[in-house]
Amino acid sequence: MQIFIFLTCALCGVISGVVYDILYIARAFVCGLDKAKFTLKDKIFTCICDLIYFIAFSAMFVFTSICFEFYTIRLYMLVGCALGALIYLKSLHFIIAFLVRKVYNRLRKIKSARGEKQWAKKNATK
């Protein structure tokens with residue numbers, strides 16, 4: 001039974017990685033990817049995303065514990081959750097982060113190209 005509980009907790013950790021990536025994508029498009037240019041608004045948004053992640057992970061862990069009747073918290077359960085999250089972050093997260101950077105950079109190029117065209121059009125009419 002302990003192996004089943006450990007694997008279930010590891011699966012919770014992997015699912016928490018998916019939740020992390022959803023919030024990562026939101027942070028990338030709201031705050032940008034350049035941490036050197038973070039404003040106070042960006043830091044607050046990042047803290048809110050981290051809080052949402054913590055609440056979602058905690059709720060998922062409690063829900064899973066109740067559904068499968070894991071009424072006592074054991075150290076191996078927490079290790080399973082951490083290991084599952086680590087496995088996800090060291091594997092699939094790299095692919096997601098790479099794709100988010102590609103899309104983000106492409107959107108920035110499109111936005112800057114539009115800005116240059118508008119600037120040239122504005123100055124040409126003067």
Side-chain angles (χ1 to χ4, degrees):
M1 185 67 175
Q2 291 176 343
I3 292 174
F4 173 74
I5 294 171
F6 179 79
L7 293 176
T8 303
C9 290
L11 182 63
C12 281
V14 170
I15 293 171
S16 76
V18 173
V19 172
Y20 177 83
D21 269 343
I22 291 169
L23 294 171
Y24 173 78
I25 292 168
R27 273 196 314 255
F29 287 105
V30 171
C31 303
L33 294 174
D34 188 10
K35 291 187 179 184
K37 295 181 181 179
F38 264 28
T39 63
L40 180 62
K41 172 195 71 92
D42 298 335
K43 291 178 183 178
I44 291 171
F45 187 77
T46 301
C47 289
I48 290 171
C49 285
D50 289 343
L51 185 64
I52 291 170
Y53 171 75
F54 175 75
I55 291 170
F57 177 70
S58 299
M60 180 178 50
F61 182 77
V62 168
F63 178 76
T64 303
S65 296
I66 291 171
C67 284
F68 291 109
E69 299 175 355
F70 309 152
Y71 293 121
T72 57
I73 296 178
R74 305 280 186 204
L75 180 61
Y76 69 87
M77 294 169 72
L78 300 175
V79 170
C81 289
L83 185 65
L86 183 67
I87 288 170
Y88 180 85
L89 290 175
K90 293 297 181 182
S91 60
L92 193 58
H93 174 69
F94 286 123
I95 297 168
I96 301 295
F98 174 77
L99 293 174
V100 167
R101 286 189 189 281
K102 283 287 202 188
V103 170
Y104 177 78
N105 289 335
R106 181 135 323 154
L107 290 174
R108 277 186 75 187
K109 281 184 182 179
I110 291 170
K111 184 178 177 183
S112 67
R114 281 187 183 163
E116 289 174 7
K117 286 180 184 177
Q118 288 175 353
W119 183 81
K121 185 178 179 182
K122 182 180 177 182
N123 287 333
T125 59
K126 289 184 177 180

How long is the span from the CZ atom in F57 to the SG atom in C12, to the nearest 0.5 Å?
7.0 Å

Separation between CE (M1) and OG1 (T8), nearest 0.5 Å, reads 8.0 Å

What distance do L51 atom CG and L23 atom CG have between them, rounded to the nearest 0.5 Å?
10.5 Å

Say you draw a straight line from CD1 of I44 to SG of C31; how long is it, rounded to the nearest 0.5 Å?
10.5 Å

Taking G13's backbone N and O only, do any of them form a donor-acceptor pair with S16's side chain (distance below 3.5 Å, no angle check)?
yes

Y88/Y20 aromatic ring centres below 6.0 Å:
no

L107 atom CG, neighbour heavy-atom count above 12 within 6.0 Å
yes

When hydrophobic residues are tied together by side-chain contacts of less than 4.5 Å, even through go-betweens, does I22 share a cluster with I95?
yes

Does K41 NZ have over 12 foreign heavy atoms under 6.0 Å away?
yes

Distance (rounded to the nearest 0.5 Å) between C47 SG and I52 CD1
11.5 Å

Verify same cluster id: F68, L11 (apolar side-chain graph, 4.5 Å)
no

Cluster overlap V100 with Y53, hydrophobic side-chain contacts below 4.5 Å:
yes

Can you tell if the side chain of Y24 reaches within under 4.5 Å of the side chain of C49, non-hydrogen atoms only?
no

Please give me the minimum heavy-atom distance between I5 and F70, naming the atom from each residue.
CG1-CE2, 3.2 Å

Less than 4.5 Å apart, any side-chain heavy atom of V103 and any of L99?
no

Inspect the surroundings of CZ in F63 and state if more than 12 heavy atoms from other residues, nucleotides or ligands are less than 6.0 Å away.
no

Specify the closest pair of heavy atoms between F61 and C9, including all atoms of both residues, with the distance to one decimal.
CE1-SG, 3.9 Å

Say whether, by atom type as modelled, one donor and one acceptor occur between the side chain of D21 and the main chain of V18 under 3.5 angstrom.
no

Decide yes or no for T72 and M77: does some side-chain heavy atom of the first lie under 4.5 Å from some side-chain heavy atom of the second?
no

Counting only heavy atoms not in F38, do more than 12 fall under 6.0 Å of its CZ?
yes

Nearest heavy-atom pair of Y76 and Q2: which atoms, and what distance?
OH-CG, 3.4 Å

Determine, stepwise, if the pair I96 / I25 fulfils side-chain contact (heavy atoms from CB on, under 4.5 Å).
CA-CA 9 Å; I96 301 295; I25 292 168; 4.2 Å; yes

L7-I66 co-clustered via ILVMFWY side chain contacts under 4.5 Å
no

So if you build clusters from Ile, Leu, Val, Met, Phe, Trp, Tyr with side-chain heavy-atom gaps below 4.5 Å, do F98 and I87 land together?
no

Between atom CG of L83 and atom NZ of K90, what is the distance when rounded to the nearest 0.5 Å?
12.5 Å

Between F94 and L89, what is the shortest heavy-atom contact and its length?
CE1-O, 3.9 Å

